[in-house]
Every structure is written in C-alpha cells, then in structure tokens.
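So the structure is just underneath, and the comments pick up after that.
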Amino acid sequence: MDFRLSDEQKLMIDAARKVGDHFGLEYWRKQDAAKAFPIEFWHAVCEAGLCGAALPTAVGGSGLGMFELALVVETLAACGGGSTVGQLFMINPIFGGVALSRFGTPAMKAELLPKIITGEINCCMALTEPDAGTNTLELRSFAAAGGAGWRLNGRKIWITGVPDAAKMLVVARTKKLDECKSRSDGLSMFMIDVDRKGLTHSAIDKVGTRTLASSSVFFDDVHIDSDELVGTLHRGWHELLDVLNTERIVTTAALAGTGELAIKLAVKYGNDRKVFGSMPISSYQGLQFPLAQCHVEIEAARLLNHKAAVNCDMGLPYGSEANAAKLLAAQVVGRTTERAMQTMGGMGYATEFHVERLWRDARLFRFAPVSEEMILNFVANHDLGMPRSY
C-alpha cells in the first residue's frame, strides 16, 4: 500500500491551499456573523477547478476521484473554513454532481453538470422529514403520477442551502408502501427547480454552520416533469445510498481539516502565552497530552476516510469505511475543538480567536448527516453480523 501522493494530487492540494489561505479565518468569522453564504469563496473554489475534481472531463470536471476530492476538502477546511466546507461540497459536487453524473439522463448531465462545476448554480437535497428523520424508508412525501410527470406533496426539514440553490434533488415515494414488495421499493429521486410553484421554504435558526441556511421545505401540489426523474423510477433507494456514502467522505474530510486547524490554533496560543514564569503554557503535559491524543485520533479517522475514498474510486465496497470514518471524525473533532478552547481559556470563548466557531460548527456532525447511533447500528448489523435492534 503506497501512501505517497502523485504530482497531480500535490498540485490539487497546493491549489486548494492558495484558495483557502486567501479566504482565511477572518473571512469565515465575518460570514458566520452575517449568516451569509460564502459565495466569493465558492466561486474561487470553482474557478480553481476544485469543485469538479471527481466529475467527468466531458462536462468540465477533472475526471479524478473521491480521494482527490477528500484531499481538497481537508485542505480548504484546515485553512479556515472548518467543517462548513464539507457541506459546500456536499450540496454541489455530491448532491448535484455525483447524483447526476451517475444516475442522470444525458440531457441532465449536459445541461447541469457544467453549471455546477463552474459555480453558476448551487444545489441542495430534500431528504429528511419531520416524522422520518434517519429512517428514510418511512418518507411520506409522495409524488403521484399524472399527465406528463408527477404531482409532489409533503414536507422536508433541515435541508441545507435552499435559499442559495437553483436545483433541488428531491427524494419521495412514488409508490404507496402497501403496494410495495419491500420497504425499500417505491422511492424515486428527482432534480427540480427550487423556484417553482407550490414549493416554499422557511429558515431554521441554529447555533452553528450559519453560513449555510437550514430550512423547512413544503411541497404543495408541485409539478415534476417526466424528464426530471434521476435514476430508476421506484428503485431509487440503492442509488440514493451511493450518493449518501460519498457524502460521508466529504463530511469526514472537512472534519479532519477542522481538527487540524483547531490544534494549530491551540498550539500557537499555548506557545505564545506565559503565565507561571518564563515557560509557555504549552510546555505543561496537562495541555500537551489531550491535544496529542486528539491529533492521533484525527489521523486515524483521516486514513480510514482515505481508504473509503480509494475503495470508492476502485469500485469496491466502501460504505462501512465511510461510515466508520465519519463516526470517529465527528467524535474526536468534538473533543478537539473543546480541548483547543480549554487550552486558550477564556479567549477560546471569544469570537476573535475563531475556535468557538469551529466548535459550534463541528457539533452538528455528531448527529448529521447521520447520527453516531445509527452508524453503530450499521456496524453492528452489517460488519459484525448482529441482529437488528430497531
């Protein structure tokens, strides 16, 4: 197993670092305070060719893989963006790019993928529902066939990036449960306009990840054209899983970068601060050991995520690795950001020192995009062969 990076991969990391350094910590602090979408940052990412790293060259992408995309996301997050960077890649090159490149029609790919890669349009995905949550098979949003398409009714919640998106990947039932042979039957995916009659959304105020809006979304007899189906009618469940597992990879990559950044900020502060005599507080093992432990665990999560990404690129199973890496990363980065704040004392609680934003943002990923409890259920069932507990 060769862990050395190719020259092309090193160039992508360098390109990501240039963008990330240009939009540093102060930029992200201001965007967070204003609750403003980081449009300048995202346009720079796209102009540098980073959005399309894992998308086909035929539509303007680089034709590389999820491993290269993970390297890009790690770097951008570590430069200042933190875990929110993962969400930006989640909504665009994953929910938009991966979904369409793997399951979209030729017309969809030709029209939308170049616009996603250049940043001309943003995407979002409407999956989670108030009464379903992680249990996607209990979705109640229903698209009834009729005429030249479908009519969609239902509600979604905690949908990321809706106000700034042009396209929405919607997951809905197209067949009633009592008509299905199994619970995974009867789900379909559609790519529709956010600006469409009958589609409304309202913001959810939240404690972190404030540069990307979270919304409740309502569908009131929304028309869906026949050519807006993504993938196979009634057979969208396994196609959706393919999209969601790549979502795990970019989420974990951003968390790894966040942990790296939090430790860097804590170490710098600790090296500079002297309280008891001439020795910096970073010389005390009470501060050293927790940060060292966090560093080791972040590296473990990063490497497991790299394995998931490489397996994905090779066409091998990667769901177990992707989920396990996300579990580890979310837990350790939660501890890392707290330990960074503890190292800095009261100043760790001040917005000007940035760690509090990293802490607020990272907390989301203990339960999103999938909770750690559901990941442990997955590991117990699929990896250990234990009976289903829910």
Side-chain angles (χ1 to χ4, degrees), residues 16 37-39 41-42 45-46 50-55 61 65-77 81-103 112-113 116-117 119 121-128 134 136 156-171 189 191 194 206 208-215 217 230 240-258 305 308-309 312 318-319 322-323 325-326 329-330 333 361-371 375:
F37 187 89
I39 188 167
F41 168 82
W42 187 246
V45 166
C46 293
L50 302 174
C51 173
L55 296 176
M66 288 303 301
F67 179 54
E68 286 78 15
L69 194 64
L71 295 175
V72 166
V73 174
E74 287 175 17
T75 304
L76 290 168
S83 52
T84 297
V85 170
Q87 289 186 298
L88 284 164
F89 278 82
M90 188 190 302
I91 61 178
N92 288 320
I94 301 298
F95 295 160
V98 169
L100 291 177
S101 65
R102 297 186 183 182
F103 308 114
L112 297 178
L113 286 176
I116 293 169
I117 290 169
I121 64 171
N122 292 323
C123 300
C124 61
M125 180 168 74
L127 173 62
T128 307
T134 306
T136 303
K156 303 289 184 176
I157 196 169
W158 288 110
I159 309 306
T160 301
V162 177
D164 300 285
K167 290 288 182 177
M168 176 183 288
L169 182 67
V170 179
V171 183
M189 297 190 292
M191 185 67 77
V194 172
K206 53 186 179 169
T209 62
R210 299 192 301 189
T211 60
L212 292 176
S214 294
S215 301
V217 180
V230 176
L240 172 64
L241 289 180
D242 208 20
V243 176
L244 295 180
N245 282 331
T246 55
E247 171 197 51
R248 309 284 191 265
I249 292 173
V250 296
T251 299
T252 303
L255 287 167
T258 300
N305 196 46
C312 175
Y318 67 98
N323 279 283
K326 188 267 180 186
V333 173
D361 288 359
R363 183 59 183 88
L364 170 67
F365 300 100
R366 295 282 301 276
F367 47 77
V370 61
S371 70
I375 291 177

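Just so it is clear, the values below take in all heavy atoms, side chains as well, and ignore hydrogens, waters and symmetry mates. All of these numbers come straight from a predicted model, not from anything done at the bench.
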Flag side-chain contact, heavy atom, 4.5 Å: Leu212 against Phe37
yes
Of all heavy-atom pairs between Ala253 and Ala70, which one has the smallest distance, and what is that distance?
CB-O, 3.5 Å
Applying side-chain contact (heavy atoms from CB on, under 4.5 Å) to Phe89 and Leu69, what does each step give before you reach the verdict?
CA-CA 9 Å; Phe89 278 82; Leu69 194 64; 3.7 Å; yes
Donor-acceptor pair, side chain of Lys156 and main chain of Val171, under 3.5 angstrom:
yes
Please report the closest heavy-atom contact between Leu169 and Met189, naming both atoms and the distance.
CD1-CB, 4.2 Å
With a 4.5 Å heavy-atom cut-off, do Leu127 and Leu240 have their side chains touching?
yes
What I'd like to find out is whether the side chain of Val250 reaches to under 4.5 Å of the side chain of Met66, using heavy atoms alone.
yes
Steps toward side-chain contact (heavy atoms from CB on, under 4.5 Å) verdict (Phe41, Thr211)
CA-CA 11 Å; Phe41 168 82; Thr211 60; over 6 Å; no
Steps toward side-chain contact (heavy atoms from CB on, under 4.5 Å) verdict (Thr251, Val73):
CA-CA 9 Å; Thr251 299; Val73 174; over 6 Å; no
Considering all heavy atoms of both residues, which atom of Gly119 and which atom of Trp42 are nearest to each other, and what is their separation?
CA-NE1, 4.4 Å
Give every donor-acceptor pair under 3.5 Å between a side-chain atom in residues 91-101 and any protein atom, sequence neighbours left out.
{"residue": "Asn92", "atom": "OD1", "partner": "Cys123", "partner atom": "N", "Å": "2.8"}
{"residue": "Asn92", "atom": "ND2", "partner": "Asn122", "partner atom": "OD1", "Å": "3.2"}
{"residue": "Ser101", "atom": "OG", "partner": "Gly97", "partner atom": "O", "Å": "2.9"}
{"residue": "Ser101", "atom": "OG", "partner": "Val98", "partner atom": "O", "Å": "3.2"}

Nearest heavy atoms of Gly257 and Ala77, plus distance in Å:
CA-CB, 4.0 Å
Under 3.5 Å donor-acceptor, Lys326 side chain and Thr252 backbone
no
My understanding is that only residues two or more places apart in sequence, or in another chain, count here; which of them pass side chain to side chain contact (heavy atoms under 4.5 Å, CB included) with Ala16?
Leu50, Val72, Thr75, Leu76
Pairwise side-chain contact, Thr160 with Met90, heavy-atom cut-off 4.5 Å (strictly under):
no
Please assess Val162 against Val217 for the test side-chain contact (heavy atoms from CB on, under 4.5 Å), listing each intermediate value before the final yes or no.
CA-CA 8 Å; Val162 177; Val217 180; 4.0 Å; yes
Closest non-hydrogen atom pair between Lys206 and Arg210, with its separation
O-CD, 3.7 Å
A side-chain contact here means heavy atoms from C-beta on lying under 4.5 Å apart; do Asn245 and Asn323 qualify?
yes
Check: Phe67 and Cys312 side chains under 4.5 Å, non-hydrogen atoms
no
Between Cys46 and Ile117, which heavy-atom pair has the shortest distance, and what is it?
CB-O, 3.4 Å
What pairs of residues pass the salt bridge (charged side-chain N to carboxylate O under 4.0 Å, His left out) test when at least one of them lies in residues 157-171, not counting sequence neighbours?
Lys167-Asp193
Sequence-distant partners of Ala322, side chain to side chain contact (heavy atoms under 4.5 Å, CB included), two or more places apart
Arg248, Ile249, Ala308, Tyr318
What is the distance from atom CE of Met191 to atom CZ of Phe103, rounded to the nearest 0.5 Å?
12.0 Å
In the structure I gave you, are the side-chain heavy atoms of Thr246 and Arg102 within less than 4.5 Å of one another anywhere?
yes
Check: Ser83 and Leu364 side chains under 4.5 Å, non-hydrogen atoms
no
Residues in salt bridge (charged side-chain N to carboxylate O under 4.0 Å, His left out) with Arg363, at least two apart?
none
Glu74 meets the salt bridge (charged side-chain N to carboxylate O under 4.0 Å, His left out) criterion, sequence neighbours left out, with Arg302
